[in-house]
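The structure appears below as structure tokens.
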Amino acid sequence: MQTSFMKIPVLAGKKVSAVLTIPDDYAGDTGIIMAHGAGNDMYHPMLTFLADGLAEAGYLTLRFNFLYREQSKRSSDSYDILCAAWESAYRFLQADSEYRPRHIIAAGKSLGGRIASMMAAEGRLPVEKLIFLGYPLHAPGKKDKPRDAHLYQIRIPMLFFAGTRDQLCDLDLLQAVLARLAAPWDLRIIEGGDHSFNVPKSYGTEPTAIYRQVLGEMTAWLGK
């Protein structure tokens, strides 16, 4: 496994950092692009763990920062700028890198996944599958205003990971949404997990154990 650090152009004169994790003897089959959540960056421990684990399983993995995190800003970018970062990452992996995988999958933690899903619904992100590492279905305490309208327009397979204590994704509401989707979907539940899959200390479960669970279920789903 090799790791390559780079800068990807997003807007005129502006670039974002990215990390490409390359499997040994990569054969050019599948590449996975992973985007971070609103309050973190591409070095989030779970994303780093998953990138390394996916590479060991044979998947080329690209992580990238959104522009606002690259600029050390707290507030996220506008939708169009977030989309520009996703499009740039896709273009890099699909056309500009030396690897050019035959199949590309999008994965995202919270905000990163939601933007990817909106773009997929609009036809702006031509990936083959979507993976959500905690989908932000609604704002805290606002289950009456779900962010689900675009999900019904998606036609590619989707894998959702959801914690039972997630304040941004009520499980009953999520399951009701999933039942109405037109695309194939799968749901994996993290018992005791919050929006970042952290569990109470009383569970006696280390974060890496949760990450291994997520990695195992991701690779099993990808191999279907």
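In what follows, every heavy atom counts, from backbone to side chain, and hydrogens, waters and symmetry copies are set aside. One is the number of the first residue; the rest follow in order along the sequence.
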Quiz item: Going from CG on L137 to CG on L168, what distance comes out if it is rounded to the nearest 0.5 angstrom?
Solution: 9.0 Å

Quiz prompt | Student check: side-chain heavy atoms of K109 and S196 closer than 4.5 Å | solution = yes

Quiz item: In terms of side-chain heavy atoms, does K15 have a donor or acceptor partner in S88 at a distance below 3.5 Å?
Solution: no

Exercise. With the side chain counted from C-beta on, respond yes when P45 and Y211 share a heavy-atom pair under 4.5 Å apart, and no when they do not.
Key: yes

Self-check item: Atom of A162, atom of L171 and distance for their closest heavy-atom approach
Solution: CB-CD2, 3.8 Å

Self-check item: Which atom of Y26 lies closest to which atom of G31, heavy atoms considered
Solution: OH-N, 4.0 Å

Quiz item: Heavy atoms, side chains only, cut-off 4.5 Å: are M119 and E87 in contact?
Solution: yes

Exercise. Starting at CD1 of I131, measure out to CE of M158 and round the result to the nearest 0.5 Å.
Key: 12.0 Å

Quiz item: Any donor-acceptor pair under 3.5 Å linking the side chain of S110 with the backbone of P136?
Solution: no

Practice problem: Would you please say whether a donor-acceptor pair under 3.5 Å links the side chains of S117 and R114? | Solution: no

Quiz item: Just wondering, do I189 and F161 contact through their side chains at under 4.5 Å, heavy atoms?
Solution: no

Quiz item: For the atom pair CG (L178) and CG (L187), what is the distance rounded to the nearest 0.5 Å?
Solution: 6.0 Å

Exercise. Grab the two heavy atoms, one from I156 and one from A183, that are nearest each other, plus how far apart they are.
Key: O-CB, 3.2 Å

Quiz item: Okay, side chain of R100, backbone of G28: is any donor-acceptor separation there less than 3.5 Å?
Solution: no

Quiz item: Of all heavy-atom pairs between P101 and T30, which one has the smallest distance, and what is that distance?
Solution: CB-C, 3.9 Å

Quiz item: Is the closest side-chain donor-acceptor distance between H36 and D41 under 3.5 Å?
Solution: no

Self-check item: CD1 on I33 to CD1 on I104, rounded to 0.5 Å
Solution: 5.0 Å

Quiz item: Taking it one step at a time, do F160 and L133 satisfy side chain to side chain contact (heavy atoms under 4.5 Å, CB included)?
Solution: CA-CA 7 Å; F160 291 79; L133 302 166; over 6 Å; no

Quiz item: Heavy-atom distance under 4.5 Å between the side chains of Q71 and K14, does that happen here?
Solution: yes

Quiz item: Does atom CD of Q167 have more than 12 heavy-atom neighbours, drawn from other residues, nucleotides or ligands, at distances under 6.0 Å?
Solution: no

Quiz item: Looking at Y135 and R147, what are the two nearest heavy atoms and their distance?
Solution: OH-O, 2.8 Å

Self-check item: hydrophobic_cluster_shared for F92 and Y99, side chain cutoff 4.5 Å
Solution: yes

Quiz item: Applying the 4.5 Å side-chain criterion to the ILVMFWY set and letting contacts propagate, would W185 and I190 be lumped into a single cluster?
Solution: no

Self-check item: Distance, nearest 0.5 Å, that separates CD1 of I210 from CD of E191
Solution: 9.5 Å

Self-check item: Any side-chain heavy-atom pair of Y90 and P126 under 4.5 Å
Solution: yes

Quiz prompt | V16 with I32, same ILVMFWY side-chain cluster at under 4.5 Å | solution = no

Quiz item: Should L125 and F66 be regarded as members of a common hydrophobic cluster, given that ILVMFWY residues are connected when their side-chain heavy atoms come within less than 4.5 Å of each other, either directly or indirectly?
Solution: yes

Quiz item: Is the closest side-chain heavy-atom distance between S4 and V19 below 4.5 Å?
Solution: no

Exercise. May I ask you to say whether D144 pairs ionically with K142, meaning some side-chain N is under 4.0 Å from a carboxylate O?
Key: no

Self-check item: Test item: D194 side-chain N/O and N198 main-chain N/O as donor-acceptor pair under 3.5 Å
Solution: yes

Quiz item: Passes side chain to side chain contact (heavy atoms under 4.5 Å, CB included), T3 versus L20? Steps please.
Solution: CA-CA 6 Å; T3 301; L20 190 64; over 6 Å; no

Quiz item: According to a 4.5 Å side-chain heavy-atom criterion applied to Ile, Leu, Val, Met, Phe, Trp and Tyr, with indirect links allowed, do L67 and M118 form part of one hydrophobic cluster?
Solution: yes

Quiz item: Can you check whether M1 reaches P23 side chain to side chain, under 4.5 Å on heavy atoms?
Solution: no

Using residues 48-65 as the side-chain source, report each donor-acceptor pair under 3.5 Å to any protein atom, sequence neighbours left out, with the distance given to one decimal.
unit_1	atom_1	unit_2	atom_2	d
T48	OG1	H44	O	3.3
T48	OG1	R63	NH1	3.1
T61	OG1	Y59	O	3.3
R63	NH1	M42	O	2.9
N65	OD1	M42	N	3.0
N65	ND2	E70	OE1	3.1

Quiz item: Please walk me through it: do H138 and K145 pass side chain to side chain contact (heavy atoms under 4.5 Å, CB included)?
Solution: CA-CA 6 Å; H138 54 81; K145 296 180 180 179; 5.9 Å; no

Quiz item: What's the spacing between I115 CD1 and W86 CH2 if we round to 0.5 Å?
Solution: 10.5 Å

Quiz item: When you look at V177 and Y152, which way does the side chain to side chain contact (heavy atoms under 4.5 Å, CB included) test go after all the steps?
Solution: CA-CA 9 Å; V177 169; Y152 308 113; 3.5 Å; yes

Exercise. Locate the shortest heavy-atom distance separating Y203 from V199; write the atom from each residue and the value.
Key: CB-CG2, 4.0 Å

